Structures are given as C-alpha cells and as structure tokens.
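Accompanying notes for the structure given below.
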Amino acid sequence: MAYVISDDCIACGACAAGCPVDAISEGDGKYVIDADACVSCGACAGTCPVGAPQEG
Ligand code: SF4
Ligand code: SF4
C-alpha cells in the first residue's frame with residue numbers, strides 16, 4: 001500500500017526532498033503522494049514534523 005498524506009500537512013516540503021522515487025509533489029494547500037510511484041519505504045513518515053504521511 002502507498003503512503004497517503006493527511007490534512008495535518010503544513011506544506012513544508014521536507015518529505016518531497018527525501019522521497020527516493022520522487023513520488024511527492026505540492027498539491028492544493030498540502031503535499032500529495034503519487035500512489036502509483038510510491039514504494040512504501042516510509043522515509044516521508046520519518047521526515048515529517050507533524051506525522052502527516054501514513055500507510056494507506
Ligand atoms: Fe516516497 Fe517512500 Fe514516502 Fe512513498 S513512502 S512517498 S516512496 S518517501
Ligand atoms: Fe507535509 Fe509533512 Fe511533507 Fe512537510 S514533511 S510537506 S508537513 S507531509
């Protein structure tokens with residue numbers, strides 16, 4: 001399962017910089033994960049200051 005970013009996201013961009021497959025991009029007011037690209041490595045969850053990325 002891909003990771004999903006919740007509405008807790010404060011759009012800091014830290015997760016996007018650390019994603020190994022470049023699956024995270026800036027959306028409307030928060031960042032979003034391309035489910036087809038995500039390899040569920042968990043790096044974004046470990047990087048996020050507010051715990052927004054969660055295994056979906
Ligand atoms: Fe990228 Fe890994 Fe997060 Fe998926 S779980 S969006 S591959 S950092
Ligand atoms: Fe949003 Fe967390 Fe990613 Fe920052 S690190 S853009 S708060 S999901």
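Just so it is clear, the values below take in all heavy atoms, side chains as well, and ignore hydrogens, waters and symmetry mates. Remember, it's 1-based here, ligands and their atoms both numbered in the order they're listed. Since we're looking at a predicted model, the values are computed, not measured.
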Task: CA sep, side-chain torsions, deciding dist, call: C9, V50, side-chain contact (heavy atoms from CB on, under 4.5 Å) - done: CA-CA 7 Å; C9 174; V50 297; 5.6 Å; no
Search all heavy atoms of [X] against all heavy atoms of [Y] and return the closest pair with its distance.
X	Y	value
I33	I24	CG1-CG1, 3.8 Å
K30	D7	NZ-OD1, 3.5 Å
A45	P53	CB-O, 3.6 Å
T47	C15	CG2-N, 4.2 Å

Looking only at protein heavy atoms, which one is nearest to [atom], and what is the separation?
atom	value
atom 1 (Fe) of ligand 1	C19 SG, 2.3 Å
atom 2 (Fe) of ligand 2	C48 SG, 2.3 Å
atom 4 (Fe) of ligand 2	C12 SG, 2.2 Å
atom 6 (S) of ligand 2	G13 N, 3.1 Å
atom 3 (Fe) of ligand 2	C15 SG, 2.2 Å

Can you list the atoms of ligand 1 that are under 4.0 Å from a heavy atom of [X]?
X	answer
I24	6 (S)
A43	8 (S)
I33	6 (S)
G42	2 (Fe), 5 (S)
V21	7 (S)

TODO: Using a cut-off of strictly less than 2.8 Å, determine whether C9 has an N/O/S atom near atom 1 (Fe) of ligand 2.
DONE: yes
Task: For Y31, the ligand 2 atoms whose distance to one of its heavy atoms is below 4.0 Å - done: 6 (S)
- [ ] Considering the heavy atoms of I5, write down every atom of ligand 2 situated less than 4.0 Å from one of them.
- [x] 8 (S)
Open item on the list: Nearest 0.5 Å, please: how far is CD1 in I10 from SG in C48?
Closed with: 7.0 Å
Open item on the list: Measuring from atom CD of Q54 to atom SG of C44, what distance do you get when rounded to the nearest 0.5 angstrom?
Closed with: 10.0 Å
TODO: Check each heavy atom of S40 against ligand 1 and say whether those closer than 4.0 Å belong to the side chain, the backbone, both or neither.
DONE: backbone
Open item on the list: Test of understanding: given a 4.0 Å heavy-atom threshold, classify the contact between V39 and ligand 1 as side chain, backbone, both, or neither.
Closed with: both
Task: Per-residue contact class, A16 against ligand 2 - non-hydrogen pairs under 4.0 Å - done: neither
Task: V21 side chain near C38 side chain, heavy-atom distance below 4.5 Å - done: no
Open item on the list: Yes or no: does I10 have any heavy atom under 4.0 Å from an atom of ligand 2?
Closed with: yes
